[in-house]
**Q** 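Below you'll find the structure I mean.
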Amino acid sequence: MKIKTHFSPENTFLNGQCFRWNKKGDYFEGIVDARLLRVEKKSEYLIIEGLDEKELPRMQHYLGFEEGLKEKERQIAQIDSVMEAAVFHGKGMHLLRQDPFETLISFIISSNNHISRIKGLVEKLAVNYGQEIDQGYYSFPGAQALARASIEDLRALGLGYRDKYVLDGAKQVAQGKVDLASLYSLNTSLGIKELEKIKGVGKKVASCVLLFAFGKGDSFPVDTWIKKALTTHYPEEISKYPDVDTFLSEYFGKEAGLAQQYLFHYMRTGRKE
DNA sequence: GTCCAGGGTCAAG
DNA sequence: CTTGACCATGGA
């Protein structure tokens with residue numbers, strides 16, 4: 001499978017939106033919906049291994065292919081000099097549309113945690129509660145499977161105090177108390193409210209789930225790195241608005257979520273001061 | 001050894 | 001409504 005695109009695996013898989021993609025030499029390896037995939041960029045072409053042709057549309061949807069993405073990139077770069085640098089650093093970034101439950105649990109784990117460690121914990125959940133789909137490769141468990149875990153076992157994996165939050169999320173989804181599929185038809189603020197019914201899920205975690213799984217492009221997660229960006233680059237701009245949320249939605253515009261991801265990736269890996 | 005991380009909860013003011 | 005201690009863990 002071969003697609004001509006300016007998609008950047010580096011800036012898409014290693015920007016902190018997903019935790020089950022790894023760079024192996026010159027290709028990237030990831031597990032998507034119980035399937036092991038290998039992706040390589042060769043000049044203008046993206047080569048995907050492990051995929052039938054009939055599954056290409058679904059994969060393109062997962063990979064965040066959409067009309068006008070390049071235009072969005074240019075639009076964001078025109079916001080100011082910081083965003084211009086951020087877009088230059090993250091060229092070819094896509095927002096993925098990941099599995100909702102996996103994204104929910106992953107970002108419950110993410111709170112007050114390092115990305116490298118989040119990846120390790122997500123992997124442990126897959127190994128212990130998922131299914132082996134290839135030698136040494138495991139799918140992420142569904143809600144029912146994960147809901148059967150005990151607090152003690154989860155704690156033993158190294159989840160820390162988030163063990164009970166992970167279990168609450170799995171149980172509420174498994175029991176239908178939280179209907180993830182219903183979130184597709186809710187707007188961002190209602191979606192945040194619904195997700196906050198789960199313990200350990202606040203505004204930031206909910207925003208990540210809506211942006212990285214449900215494609216809610218106006219969702220703008222504010223974490224420690226974004227807070228740092230706001231205080232270093234935008235203190236005087238923010239003061240022109242009644243509050244920070246108004247600033248975020250009005251200043252960064254319709255594609256605020258994508259702008260946020262460029263900014264996050266830039267703050268974490270791209271700045272040289 | 002210290003600092004910190006894609007934060008959230010809970011109690012106190 | 002806002003503030004701050006506290007929370008487990010291990011990579012840097």
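Keep in mind the model is a prediction, meaning the values are calculated, not measured. Chain naming here is simple, since letters A, B, ... match the order of the sequence lines and numbering starts at 1 in each.
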**Q** Measure centre to centre between the rings of A:Tyr138 and A:Tyr129, then say whether the value is under 6.0 Å.
**A** no
**Q** Nearest-Å distance, CD1 (A:Ile118) to P (C:dA12)?
**A** 13 Å
**Q** Should A:Lys203 and A:Asp245 count as an ion pair when the cut-off is N to O under 4.0 Å?
**A**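 Yes, A:Lys203 and A:Asp245 are salt-bridged.
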**Q** Run the ring-centre check on A:Tyr234 versus A:Tyr241 and record whether the distance is less than 6.0 Å.
**A**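 Centroid distance A:Tyr234-A:Tyr241: not below 6.0 Å, so no.
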**Q** Check each residue of residues 196-231 of chain A for a non-hydrogen atom within less than 4.0 Å of any atom in DNA chain C, then write out the ones that pass by number, or none.
**A**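 Residues of residues 196-231 of chain A that come under 4.0 Å of DNA chain C do not exist, since none gets that close.
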**Q** Regarding A:Arg268, tell me which of base, sugar-phosphate or nothing describes its non-hydrogen contacts under 4.0 Å with the strands shown.
**A** sugar-phosphate
**Q** Look at atom CD of A:Gln131 and say whether more than 12 heavy atoms of other residues, nucleotides or ligands are closer to it than 6.0 Å.
**A**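 Not buried by this count: 12 neighbours or fewer within 6.0 Å.
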**Q** Determine: side-chain N/O of A:Arg155 to OP1/OP2 of C:dA8, distance under 4.0 Å, yes or no.
**A** yes
**Q** Please report the distance, rounded to the nearest Å, between CG in A:Leu157 and P in C:dA8.
**A** 16 Å
**Q** Please tell me whether A:Phe88 and A:Tyr266 form a close aromatic pair, meaning their ring centres lie under 6.0 Å apart.
**A** no
**Q** To the nearest angstrom, how far is A:Asp245 atom CG from C:dT2 atom P?
**A**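 To the nearest whole Å, that distance equals 11 Å.
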**Q** Strictly below 4.0 Å, N to O, side chains only: are A:Lys41 and A:Asp26 in salt-bridge contact?
**A**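 Between A:Asp26 and A:Lys41 there is no salt bridge, as every charged N stays at least 4.0 Å from the carboxylate O atoms.
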**Q** Counting only heavy atoms and a strict 4.0 angstrom limit, can you tell me which residues of residues 94-115 of chain A come near DNA chain C?
**A**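 Residues of residues 94-115 of chain A under 4.0 Å from DNA chain C: A:Asn112, A:His114.
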**Q** Over how many whole Å does the gap from A:Tyr161 atom OH to C:dA8 atom P extend?
**A** 9 Å
**Q** Walk along DNA chain B from 5' to 3' and tell me the first and last nucleotide with an atom closer than 4.0 Å to a non-hydrogen atom of chain A.
**A**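 Listing 5' to 3', DNA chain B meets chain A from B:dC4 to B:dT9.
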**Q** Answer with yes or no whether the side chains of A:Asp153 and A:Ser150 bring together a donor and an acceptor at under 3.5 Å.
**A**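 Result is yes, a qualifying pair exists.
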**Q** Touch check for A:Gly16, heavy atoms < 4.0 angstrom, all strands: base, sugar-phosphate only, or nothing?
**A** base
**Q** Between B:dA11 and C:dA8, how far apart are the P atoms? Round to whole Å, please.
**A** 15 Å
**Q** Supply the atom-to-atom distance A:Arg117 CZ to A:Leu159 CG, rounded to the nearest 0.5 angstrom.
**A** 8.0 Å
**Q** What class does the angle between the rings of A:Tyr165 and A:Tyr161 fall in, given that below 30° is parallel, 30 to 60° is tilted and above 60° is perpendicular?
**A** perpendicular
**Q** What about the rings of A:Phe7 and A:Phe13, do their centers lie closer together than 6.0 Å?
**A**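 Close enough - the centres of the two rings lie under 6.0 Å apart.
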**Q** Rounded off to whole Å, could you give me the CG-to-P distance for the A:Asp163 and C:dA8 pair?
**A** 8 Å
**Q** A:Asn15 pairs by side-chain hydrogen bond (donor to acceptor under 3.5 Å, both in side chains) with which of A:Arg268, A:Gln261, A:His265?
**A**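 Among the candidates, only A:Gln261 passes.
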**Q** Say you pick atom P in B:dG6 and the same atom in C:dT2; how far apart are they, in whole Å?
**A**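 Result for the P pair: 27 Å, nearest Å.
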